[in-house]
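Structure first, commentary second.
The figures that follow rest on heavy atoms only: side chains count, while hydrogens, waters and symmetry mates do not.
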Amino acid sequence: CFVPANDYREVLRKSGGLGKAGRMVDLNGQVLAKHDGHMGFTRGQRRGLGFASTQPMYVIDIQADTGDVIVGPREATGSSLAEVEGFHTIGGELSPAEVLTDLEVQYRSAPGGVTATATILAPDRLRIEFAEPAESVTPGQGLALYQGDRLLGGGWISWAQSAAVEHV
């Protein structure tokens, strides 16, 4: 909404580039296309991938070190783990190594939450382990933690591990 002509890739090009060029690779390692910069893609993205497929394909993972963008079917967009930084608690500080269970995680603007466990790494940093792969978890997104109807706090996703590419 804040990007002129809705073309964020053009904004990135003008402000330093699209990152590392690389390949569009499916979950089996087959190269489907090449692209001009990994920063032109986001996890869960479906449109504008630059190739045709017999089934809808989504960005599963972005590997900044190689420039490769891993794509696959929607059901493969889930993440098993995420780390959150800048976490602010409501009503008390969390202790490092503390494990919080029976959590509901809210991220993106989607309604509803995802069941998870959190391990406190530092007072403002934690690791989230999702009970089931959570769809399109992306670094930079906000995340809130609830225990029952109580809001524990929130922060920013700094890292997410794709459940589908743990073995790729």
Side-chain angles (χ1 to χ4, degrees), residues 1-86 103-119 125-146 154-168:
C1 62
F2 61 88
V3 176
N6 262 348
D7 189 357
Y8 72 92
R9 288 180 180 146
E10 187 57 32
V11 171
L12 289 173
R13 277 187 198 94
K14 287 180 179 178
S15 63
L18 289 171
K20 191 168 190 164
R23 308 171 303 164
M24 303 294 287
V25 182
D26 71 12
L27 292 171
N28 296 318
Q30 180 180 351
V31 177
L32 305 173
K34 296 194 184 253
H35 63 80
D36 60 354
H38 75 281
M39 290 171 38
F41 302 94
T42 59
R43 289 183 187 198
Q45 177 179 336
R46 178 172 177 240
R47 298 178 192 269
L49 299 182
F51 66 92
S53 177
T54 57
Q55 66 174 329
M57 298 293 267
Y58 296 80
V59 174
I60 306 302
D61 196 32
I62 300 166
Q63 299 178 342
D65 56 333
T66 65
D68 285 352
V69 175
I70 312 299
V71 298
R74 182 177 182 157
E75 55 271 9
T77 65
S79 291
S80 54
L81 294 171
E83 286 191 10
V84 176
E85 292 185 359
L103 299 176
E104 190 163 313
V105 175
Q106 175 69 46
Y107 65 99
R108 302 174 52 199
S109 59
V114 179
T115 304
T117 299
T119 301
R125 202 171 119 235
L126 47 95
R127 177 171 281 193
I128 305 290
E129 184 174 347
F130 299 104
E132 298 288 329
E135 189 174 307
S136 302
V137 177
T138 302
Q141 293 173 330
L143 178 144
L145 285 184
Y146 293 86
W156 301 102
I157 299 168
S158 59
W159 170 84
Q161 178 175 298
S162 170
V165 295
E166 291 173 13
H167 61 279
V168 174

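- Distance check, rounded to the nearest 0.5 Å: CG of L103 to CD of E129 gives 11.5 Å.
- The shortest heavy-atom contact between A160 and P139 is N-CG, 4.2 Å.
- The main-chain N or O of Q30 is never found under 3.5 Å from a side-chain atom of N28 such that the two would form a donor-acceptor pair.
- For the atom pair H38 NE2 and T66 OG1, the distance stands at 9.0 Å (nearest 0.5 Å).
- Residues S162 and A76 come closest through the heavy atom pair OG-O, 4.2 Å.
- A distance of 9.5 Å separates CG of L81 from OG1 of T119, quoted to the nearest 0.5 Å.
- Counting heavy atoms from C-beta on, the side chains of V114 and E104 never come closer than 4.5 Å.
- The two residues I157 and V137 make their nearest non-hydrogen contact at CD1-CG1, 3.7 Å.
- A distance of 11.0 Å separates CD of Q161 from CZ of F130, quoted to the nearest 0.5 Å.
- The minimum heavy-atom distance linking S158 with E85 is given by the pair OG-CG, 3.5 Å.
- Under the 30°/60° scheme for interplanar angles, the aromatic rings of F41 and H35 are found to stand perpendicular.
- Here CD1 of I70 is found 7.5 Å from CZ of R23. Values are rounded to the nearest 0.5 Å.
- At least one side-chain heavy atom of I128 sits less than 4.5 Å from a side-chain heavy atom of L145.
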